[in-house]
Novice: 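First, the structure itself, so that you have it in front of you.
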Number of protein chains: 2
Amino acid sequence: MTQRRNTSQRAIITQLLAGTDEFVSAQHLHAALRTSGSTVGLATVYRALQEMATGGDLDVVRNETGEVLYRQCEQPSHHHHLVCRTCGLTQEVAAPGVEKWARAVAEQYGYVDLDHQVELFGVCAGCAAKRA
Amino acid sequence: MTQRRNTSQRAIITQLLAGTDEFVSAQHLHAALRTSGSTVGLATVYRALQEMATGGDLDVVRNETGEVLYRQCEQPSHHHHLVCRTCGLTQEVAAPGVEKWARAVAEQYGYVDLDHQVELFGVCAGCAAKRA
DNA sequence: TTACTTGCAAACGGTTTGCATCGAG
DNA sequence: CTCGATGCAAACCGTTTGCAAGTAA
C-alpha cells in the first residue's frame, strides 16, 4: 500500500497550482518555483504533477508542440475543453452525448478499456474582435 | 520562389502514404522504408512529411505519447478514429452528434473558427484476448 | 528505523539542424 | 553548373529514471 507523505515541495506546488486557473507546463512551473527562491528539482515537479494527475486532481492537456500542460481541475465530473488557439483562454464544457457515443462505438468494434480525447479549438470572442 | 525537386525518396514516401488510409508516424514510416530496402534517412522522412503537411497534403494528429502522426488527406466525409493503444489497429468511425454539439458549444461561448479533435483509444478485441 | 522523497545528473525518445555531398534541372 | 535535397551524426527539448542522501511518520 502506497501512502503519500506531506513534504514542503508538494505543498508549494499544490499551492502554486491553486493560485491560477490556467494550464501550466512542468517546465514553466519549475521555473516559477526557482525564481521565487525554491530549490525544487525538475524531476520532483514532474513526479508531483504526474501523481496528482493520475489521482484525478489535475486536468491534463497537450499543446501543439506536444508539451504537457496541467491545471487544477475544478469540476470533479468528466469534461472537455474549448480552447482559444490565439490566447489560450479555456472553457470547461460538458459533453453529454459524447461519452455515450464513445461507449457505443467501442462496443460495436469490440474494443475495451476505452478512453477518449475530445478537445475543441477555436478563436474566442475577444481575439476574434481584435482580428477584425 | 521555392521549387520542389522530384527525387526518388519523395516519390517512395508519397507512394507509401497513398497506399494506406491510416495514420503513421515518421519513425514508423522510416522503419518501413528501411525494411523494404530503401536507404532513406530519418531526417529526409521528417523533412518530406513536414513539407507535405504544411502544403496541406497531409492530415496531422498527435497520439497520447505526443508523437506526430500523418495521413494522406482527401477524405470526403469527416470522421474520427478508434485506435487500439496496443497494436495500433484503427477503425474509422462517424460521429454524427459530435459536430453539432461542437458548433453549439462554440456558439454558446462566442468562439468562432472552430475546429475539433476527437479520437477514441482503447484495446481491440484481439489484444484484449492476448492480455487475459 | 523504515521506506517514501528529493535533487542531481544521466538516459531517453521524438524531432530538428549543421554540414559535406549528391543530383535534378 | 546551381542550388535544392539527402544522409549522417550531433544537437535539442521535454520527460523519465537510477541512485545516494534526506526526511516524514
Side-chain angles (χ1 to χ4, degrees), chain A residues 1-17 22-55 57-71 88 117, chain B residues 1-17 22-55 57-71 83 85-86 88 119 121:
Chain A
M1 171 76 82
T2 303
Q3 56 180 353
R4 236 183 294 211
R5 286 182 181 172
N6 296 321
T7 65
S8 62
Q9 295 74 342
R10 291 190 191 178
I12 201 175
I13 289 175
T14 304
Q15 187 187 343
L16 214 160
L17 279 169
E22 312 245 306
F23 280 99
V24 276
S25 66
Q27 303 278 350
H28 183 77
L29 187 51
H30 178 244
L33 289 170
R34 298 298 273 234
T35 302
S36 62
S38 169
T39 62
V40 227
L42 226 200
T44 300
V45 174
Y46 273 104
R47 284 188 277 236
L49 290 176
Q50 277 173 180
E51 211 171 273
M52 295 169 78
T54 40
D57 300 323
L58 294 181
D59 274 342
V60 184
V61 182
R62 240 173 228 285
N63 66 14
E64 309 109 26
T65 72
E67 215 179 357
V68 181
L69 306 179
Y70 301 87
R71 187 189 59 168
Q117 180 185 341
Chain B
M1 171 79 82
T2 303
Q3 57 180 353
R4 239 180 296 208
R5 286 183 182 172
N6 296 320
T7 65
S8 62
Q9 293 77 339
R10 290 192 190 178
I12 201 174
I13 289 174
T14 304
Q15 186 188 344
L16 213 159
L17 279 169
E22 313 239 311
F23 280 99
V24 275
S25 67
Q27 302 277 352
H28 182 78
L29 188 50
H30 178 244
L33 288 170
R34 298 298 273 234
T35 301
S36 61
S38 168
T39 61
V40 226
L42 225 200
T44 300
V45 174
Y46 273 105
R47 285 189 276 235
L49 289 175
Q50 276 173 180
E51 211 171 272
M52 294 169 78
T54 39
D57 299 323
L58 295 181
D59 272 343
V60 184
V61 181
R62 239 172 229 284
N63 67 14
E64 298 168 315
T65 71
E67 213 180 358
V68 180
L69 306 179
Y70 301 89
R71 185 193 60 173
V83 185
R85 72 166 74 82
T86 299
E119 303 294 336
F121 298 94

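Sequence lines set the chain letters: A, B, ... in the order given, protein chains first and strands last, and positions in each chain run from 1.
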Novice: Would you tabulate the nitrogen or oxygen pairs shorter than 3.5 Å linking the protein to nucleotides 21-23 of chain C?
Specialist:
{"residue": "C/dG23", "atom": "N2", "partner": "B/R5", "partner atom": "NH1", "Å": "2.5"}

Novice: To the nearest 0.5 Å, tell me how far B/T14 OG1 sits from B/Q9 CD.
Specialist: 11.0 Å
Novice: List the atom of A/L29, the atom of A/L49, and the distance in Å for their closest heavy-atom pair.
Specialist: CD2-CD2, 3.9 Å
Novice: Flag the pair B/H28 / B/L69 as yes when at least one side-chain heavy-atom distance between them is below 4.5 Å, and no otherwise.
Specialist: no
Novice: In Å, rounded to the nearest 0.5 Å, how long is the span from CG of A/L58 to CD of A/E51?
Specialist: 11.0 Å
Novice: Can you measure B/H30 atom NE2 to C/dG13 atom P for me and round it to whole angstrom units?
Specialist: 17 Å
Novice: Could you state the CE-P distance from B/M52 to D/dA5, rounded to the nearest angstrom?
Specialist: 14 Å
Novice: Atom pairs, N/O to N/O, protein against nucleotides 12-15 of chain D, distance under 3.5 Å?
Specialist:
{"residue": "D/dT15", "atom": "OP1", "partner": "A/V68", "partner atom": "N", "Å": "2.9"}
{"residue": "D/dT15", "atom": "OP2", "partner": "A/Y46", "partner atom": "OH", "Å": "2.4"}
{"residue": "D/dT15", "atom": "O5'", "partner": "A/Y46", "partner atom": "OH", "Å": "3.2"}

Novice: What is the distance from NE2 of B/H28 to C1' of C/dG14, rounded to the nearest Å?
Specialist: 16 Å
Novice: Is any side-chain heavy atom of B/R62 less than 4.5 Å from a side-chain heavy atom of B/F23?
Specialist: no
Novice: Could you give the CG-to-C1' distance, from B/L49 to C/dT17, as a whole number of Å?
Specialist: 17 Å
Novice: Drop me the distance from A/I12's CD1 to A/T44's OG1, to the nearest 0.5 angstrom.
Specialist: 12.0 Å
Novice: Does C/dG7 have its OP1 or OP2 closer than 4.0 Å to a side-chain nitrogen or oxygen of A/T44?
Specialist: yes
Novice: Test for a donor-acceptor pair under 3.5 Å between the base of D/dG4 and the side chain of B/R47, counting only N and O atoms.
Specialist: no
Novice: Contact between A/V61 and A/R71 at the side-chain level, heavy atoms closer than 4.5 Å - yes or no?
Specialist: no
Novice: Does the side chain of B/N6 get closer than 4.0 angstrom to OP1 or OP2 of D/dG4 through an N or O atom?
Specialist: no
Novice: Hey, what do you get for CG (A/L16) to CD1 (A/I13), rounding to the nearest 0.5 Å?
Specialist: 8.5 Å
Novice: So do the side chains of A/L42 and A/Q27 get within less than 4.5 Å of each other, counting heavy atoms only?
Specialist: yes
Novice: Considering all heavy atoms of both residues, which atom of B/H30 and which atom of B/V40 are nearest to each other, and what is their separation?
Specialist: NE2-O, 3.1 Å
Novice: Considering only heavy atoms from C-beta outward, does the side chain of A/Y70 approach that of A/D59 to under 4.5 Å?
Specialist: no
Novice: Of all of residues 7-17 of chain A, which get a heavy atom below 4.0 angstrom from DNA chain C, listed by number?
Specialist: A/T7, A/Q9, A/R10
